[in-house]
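Atom set for the values below is all heavy atoms of this structure, side chains included, hydrogens, waters and symmetry mates excluded. Per chain, numbering begins at 1; letters A, B, ... match sequence-line order. The structure presented is a predicted model; accordingly, all values stated were derived computationally and were not measured.
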Number of protein chains: 2
Amino acid sequence: MRAPQRREEIVRMARSNGLASVEHLAEVFGVTQSTIRRDLSTLDKSNQLARTYGGVIAVRSPHHEASLQERASECHGAKDAIGRWAAGQVEPGQTVLLDAGTTTARVAAHLHGTSPLTVVTSGLTPFFELADDSGMERILLGGEYREVSQSFVGPLTEAALDRWSFDRAFLGADAVTAERGICEASPVQTRLKELMARAGDQVYVLAHAAKLGATPFNAWVHLPGKWTLVTDAGATAEQLAPFESRGITTVLAD
Amino acid sequence: MRAPQRREEIVRMARSNGLASVEHLAEVFGVTQSTIRRDLSTLDKSNQLARTYGGVIAVRSPHHEASLQERASECHGAKDAIGRWAAGQVEPGQTVLLDAGTTTARVAAHLHGTSPLTVVTSGLTPFFELADDSGMERILLGGEYREVSQSFVGPLTEAALDRWSFDRAFLGADAVTAERGICEASPVQTRLKELMARAGDQVYVLAHAAKLGATPFNAWVHLPGKWTLVTDAGATAEQLAPFESRGITTVLAD
DNA sequence: ATGAATCTGCGCGTTTCGCGCGATACGCTC
DNA sequence: GAGCGTATCGCGCGAAACGCGCAGATTCAT
């Protein structure tokens with residue numbers, strides 16, 4: 001049996017049982033524990049499993065892996081600050097929309113304690129950050145699953161969204177410019193964001209400084225109506241000026 | 001600082017960062033690594049965290065914990081057999097509905113390799129078991145989240161379901177009797193199941209032997225149309241007789 | 001105030017880990 | 001078919017982390 005094949009099998013076994021020990025795996029495959037350890041080390045590095053003392057544990061939660069990477073990223077602090085400020089705009093009793101994304105996930109995390117509250121989201125990342133409070137109603141817009149963004153898009157999502165209006169709508173973005181609006185990887189995403197903005201009474205676009213003025217993709221949308229740009233203290237005056245000159249309120253979270 | 005308080009804080013820190021090392025924790029709290037190790041051991045036993053070599057990892061993925069418990073339960077083997085049989089009924093190119101629940105999650109797990117496929121589900125447990133195949137379209141019916149069943153219910157779910165029909169519909173159940181049909185904890189669930197059955201061309205009810213004839217709750221529904229009862233080899237002839245005498249096809253998975 | 005229960009630090013033996021080395025198997029080229 | 005590079009494996013050793021028992025300290029209730 002080849003090594004890659006054995007590693008796949010290890011992942012399968014670990015996920016099936018939740019746990020697996022080095023000793024047991026070595027016996028099953030008829031190799032030394034050293035070999036198993038090497039395999040586990042490889043799998044651990046590629047985030048498919050987590051090592052434990054004497055074995056492995058399955059960490060298949062889809063958001064877990066990304067969450068870990070996210071927290072290690074340098075802009076996590078900025079996103080958290082933005083999320084905290086945004087959560088502060090929410091008052092008990094309201095109905096709130098959270099777009100998919102790691103920044104809106106930070107909003108969700110800081111929503112803890114604001115109760116009662118109805119939170120609607122299209123992303124698993126923010127969804128799982130929502131507290132299991134008694135007064136918290138958690139609603140997921142279903143739809144077609146996009147693995148890369150851990151979110152739902154498509155006609156089903158849009159149809160579900162069509163049944164709501166929101167006191168606050170918090171949108172994420174891959175990039176934002178004053179001239180072209182919000183940038184995303186695909187038109188299905190920009191269309192969804194447009195609908196989201198339409199459904200929100202007060203609309204906030206959350207984007208840390210690195211996203212201001214960037215153009216990583218080619219799908220753009222101008223948000224309808226008024227909205228507020230929330231970014232972090234790292235944003236420069238030059239970055240903010242074009243927004244303010246167009247009458248867009250800008251906020252620096254800190 | 002008291003020990004329970006410190007342990008809470010450790011959980012909080014681990015969840016916030018995903019990871020935490022023994023060394024770092026010992027420094028932060030100003031105690032020896034032994035003490036930290038004891039804490040981690042305690043928290044590990046109570047399933048709040050998972051130990052790793054040199055630290056801990058957060059495993060608060062909502063389904064992970066339940067998944068582990070589920071696999072330890074004695075009826076897991078039966079559910080898996082049922083799931084394997086059910087997955088065998090699915091052919092490439094079809095559109096399939098999976099109800100929420102641990103049994104339908106086993107169906108999802110065995111759907112791996114059947115491609116292309118469109119799978120629609122209302123439960124997170126089956127959803128996360130679905131493989132990330134290229135030909136696999138994963139669709140989640142959104143709605144209001146029920147923590148206990150890790151699934152979505154309510155008008156939004158029903159509205160989303162209304163947009164589909166399915167080649168195969170696999171329903172779970174808290175209990176099944178020939179006389180009264182499917183039993184659930186609440187009417188919102190039974191109503192959803194009724195709609196699911198209506199949307200399915202071929203309908204299967206998956207229930208291991210212990211669920212046949214039981215009456216744990218008080219919300220019942222008679223499924224419309226024909227359906228097939230799939231159970232495990234542990235079901236007795238007396239349990240099956242009432243179903244067969246009513247013309248319901250029964251299958252013993254093995 | 002006093003006794004029980006819990007918690008903590010320390011030391012020790014045990015287990016697991018990671019790394020480097022040499023050997024082996026596989027695939028590719030000429 | 002011979003030669004050669006790459007990937008993989010088993011083994012041994014030193015290091016790191018672990019669990020356990022014991023004794024002193026702290027907390028809490030009576």
Rounded interatomic separation in angstrom, taking CG from D39(B) and C1' from dG9(C): 13 Å

Counting only side-chain nitrogens and oxygens, does [X] get under 4.0 Å of the OP1 or OP2 atom of [N]?
X: R38(B); N: dG9(C); answer: no
X: R51(B); N: dG19(D); answer: yes
X: T35(B); N: dG9(C); answer: yes
X: S34(B); N: dC10(C); answer: no

Residue pairs, two or more places apart or on separate chains, that pass salt bridge (charged side-chain N to carboxylate O under 4.0 Å, His left out) and touch residues 80-105 of chain B: D80(B)-R84(B), D80(B)-R106(B), D99(B)-K193(B)

Any pair counted as salt bridge (charged side-chain N to carboxylate O under 4.0 Å, His left out), so long as it reaches residues 111-123 of chain A, sequence neighbours left out: none

Using a cut-off of under 3.5 Å, enumerate the N/O to N/O pairs linking the protein to nucleotides 12-15 of chain C.
from: dT15(C); atom 1: O2; to: Y53(A); atom 2: OH; distance (Å): 2.6

Side-chain (D167(B)) to main-chain (T95(B)) donor-acceptor, under 3.5 angstrom: yes

Backbone of V31(B) reached by a side-chain donor or acceptor of T35(B) within 3.5 Å: no

Y53(A) and Y53(B) aromatic ring geometry - parallel, tilted or perpendicular at 30°/60° bounds: parallel

Parallel, tilted or perpendicular, as decided by the 30° and 60° cut-offs, for the rings of F127(A) and Y145(B): perpendicular

L43(B) vs R7(B) side-chain heavy atoms within contact, under 4.5 Å: yes

Nearest non-hydrogen partners of L117(B) and G93(B), listed with the distance: CD1-N, 4.4 Å

Cationic N near anionic O, under 4.0 Å, R12(A) to E9(A): yes

Short N-O contact, D232(B) and K79(B), less than 4.0 angstrom: no

Paired and unpaired positions of DNA chain D as dot-bracket, Watson-Crick or G-U wobble under 3.5 Å, | denoting a partner strand: ||||||||||||||||||||||||||||||

Sugar-phosphate, base or nothing in reach of S21(A), heavy atoms under 4.0 Å: nothing

Sugar-phosphate, base or nothing in reach of T42(B), heavy atoms under 4.0 Å: nothing

Which pairs of donor and acceptor atoms, one on a side chain in residues 205-218 of chain A, lie under 3.5 Å apart (sequence neighbours left out)?
from: K211(A); atom 1: NZ; to: A173(A); atom 2: O; distance (Å): 3.0

Could you run down the sub-3.5 Å N/O contacts of the protein with nucleotides 23-29 of chain D?
none

5' priority, DNA chain D, between T32(A) and G54(B) [closest heavy atom]: T32(A)

